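Below: the structure, in structure tokens.
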Amino acid sequence: MQLYNQHTINLYNSLTGEKETFKPIHEGYVGMYVCGPTVYSNVHLGNVRTFMSFDMIFRYFKHLGYKVRYVRNITDAGHLENDADVGEDRIAKKARLEEIEPMEVVQRYTVDFHNILNTFNFLPPSIEPTATGHIIEQIEIIKNIIEKGLAYEVNGSVYFDVLKYNKTKQYGILSKRNVEDLIHNTRELDGQSDKKNPQDFALWKKAEPQHIMRWPSPWSDGFPGWHLECTAMSTKYLGEHFDIHGGGMDLKFPHHECEIAQAEACNNQAPVNYWMHANMLIMNGKKMAKSTGNFILPNEIFSGDNPHITKAYAPSVARFFMLQAHYRSVLDFTNNGLLASEKGFYRLMDAINILDELKPSTTSTFDISDWKQKCYDAMNDDFNSPMVIANLFEAVKYINQIKDGSATITKEDLATLKNTINAFVFDILGLVNVTKADTGTDKLSGAVELLIQLRQEARANKDFAMSDKIRDELAAKGIQLNDGKEGTTFSTN
RNA sequence: GGUGUCGUGGCCGAGUGGCUAGGCUCAGCUCUGCAAAAGCUGCUACAGCGGUUCGAAUCCGCUCGACACCUCCA
């Protein structure tokens, strides 16, 4: 029997604004689509957080035994600088500025994106399709929508007719906006003269003569509108109606709203059962923005080379930090927050690393099955990773107590504890067991072991001046000695 | 201005109509030659103002504030 039969997931559906019981369309299978990055620059740390949330969700579904098809696209064309369908293609602009081919831009930042995600120990999605690889599919969708009378062509560009769509369907169903408000609140922008109404959005844009990224179509040589690619790719790989669509909160409007409209227009049914939105990452209480300098690149976390942080942090520390907040909460990225998480993270790892040393007893002083259930309950409640972590620290305390001899555990419970903690920490949260001593090579640890031995001899001889000198000099070099009942270990920081 | 997400203790961050989140910090104790580590104990909270209720930080209304989208930087 699969675990998913024992665990009911309640997840927050942005479409209804409520937590709902997750029921897959096909039992045992989950189809999940997440809007991926536009690869025109280094991946934004906020984007990383969003993808990390869905990585954790992907991992949990897999853990429960679901067969998951997780599709996360790469936007390598069609995303204009301005979401109102004016301005330059972001990738084309970058290519022009750097005097390289647009596909070189795409390649460079796709590689960067994958490197960063690998460093953070992400699982690769099941399919990672690109917008430029699905131009034909996008053109077919446009044809379909034109046939339905919900799109119109002007000067080689094709626009979705929002007002007409709204007569029979509900544009704004996701973002809880009504079209009347949109009409009143839309600013007049230059370059929108082709549209019947400012609310309309582009399905196809005719390329200007100097525009390099262009494909032939029935309407013009041009490129697809930004929103269309996700409809094309999600439909192709997950069907006209699938389980979960995710993305950052910033994509809710207009991007996801437009996706719903396009898909409904095309297939006469709502495309998605559950919409999930990850909240924003801010830094030091403010929006992250390159222009104000309130900004950090993922790589700079690992190197420490950024004025907003005081030291380098291991990727798992940053991952742990982010997972200590719920995915639907705004998270404030601060150096102090990272420092606190780092301490907690290593405490968790230290406890896991002594699991194999624990001696079983005939009784347990801790209810392991209850604890295990609490871990699952936390994940089942809208993927509450902070609650999972709180439960993990309950186990940390217990493990340390067993080691100290103030608590006991049976052989069976110890096995359950190990299995459960490994499942949650490594499989589901996706953390990597990096101990503070991991940076040490065999040569280093051999040398330190020797010093530990010399210190023990000095202590035995009551030569505390020497023993303290060894301890303090090592500490000054970043090597900390930890005296325990069964000898001394060391860790580096 | 509209829409959405929020507003919790020294800091970060969960959660619930009446009962311990957790992490970090801090204080005391145990252990230690002294420390560190670990363990134990302690500390303090629910933006403000109304309302519903036997009881609200948890529900409702208003106010103030934050963040995001609607307007380039995810």
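Just so it is clear, the model here is predicted, and its values are computed rather than measured. Below, read A as the first sequence line, B as the second, and so on, with proteins coming before strands; counting in each chain starts at 1.
The shortest distance between the side-chain N/O atoms of A:Arg347 and the OP1/OP2 oxygens of B:C24 is below 4.0 Å. Phosphate proximity of B:U5 to A:Lys176: absent, as no side-chain N or O sits under 4.0 Å from OP1 or OP2. Of the side-chain N and O atoms in A:Lys252, none sit less than 4.0 angstrom from OP1 or OP2 of B:C70. Listed pair A:Asn400 / B:G39 meets the phosphate criterion, a side-chain N or O lying under 4.0 Å from OP1 or OP2. Close to B:G4, at under 4.0 Å from its OP1 or OP2, lies no side-chain N or O of A:Ser14. Not one side-chain nitrogen or oxygen of A:Arg177 sits closer than 4.0 Å to the OP1 or OP2 atom of B:C70. Note on A:Ser385: every side-chain N or O is 4.0 Å or more away from OP1 and OP2 of B:G13. Taking 4.0 angstrom as the limit, A:Tyr346 places none of its side-chain polar atoms (N or O) nearer than this to OP1 or OP2 of B:A37.
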Could you walk me through whether A:Asp483 and A:Arg455 pass salt bridge (charged side-chain N to carboxylate O under 4.0 Å, His left out), step by step?
-> CA-CA 11 Å; A:Asp483 292 334; A:Arg455 173 165 167 269; 3.0 Å; yes
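With A:Arg72 contributing its side chain and A:Val34 its backbone, the two residues share no donor-acceptor pair below 3.5 Å.
Of the two residues contacting RNA chain B, namely A:Glu394 and A:Leu331, the nearest-nucleotide position lying further toward the 5' end is that of A:Leu331.
Cation-pi check for A:Arg319 over A:Phe122 is met; the charged atom lies under 6.0 angstrom from the ring centroid and within 45 degrees of its normal. For the pair A:Arg328 and A:Tyr12, the cation sits on the ring face: its NZ or CZ lies under 6.0 Å from the ring centre, inside 45° of the axis.
Distance check on atom C1': B:U20 versus B:U8 gives 16 Å, rounded to whole Å. The same atom, C1', is picked in B:C62 and in B:C26; the two are 39 Å apart, to the nearest Å.
For A:Asp332 against B:G13, a side-chain-to-base donor-acceptor contact under 3.5 Å is absent. A donor and an acceptor atom sit less than 3.5 Å apart, one in the side chain of A:Asp483 and one in the base of B:A35.
Rounded to whole Å, atom P of B:A36 lies 10 Å from atom CD of A:Gln480.
Counting heavy atoms from C-beta on, the side chains of A:Tyr171 and A:Gln199 never come closer than 4.5 Å.
The aromatic ring of A:Phe464 stacks onto the base of B:G33, its centre lying under 5.5 Å from the centre of the six-membered base ring with the two planes under 30° apart.
Residue A:Asn384 places its side chain closer to B:G15 than to any other of B:G15, B:C34, B:C69.
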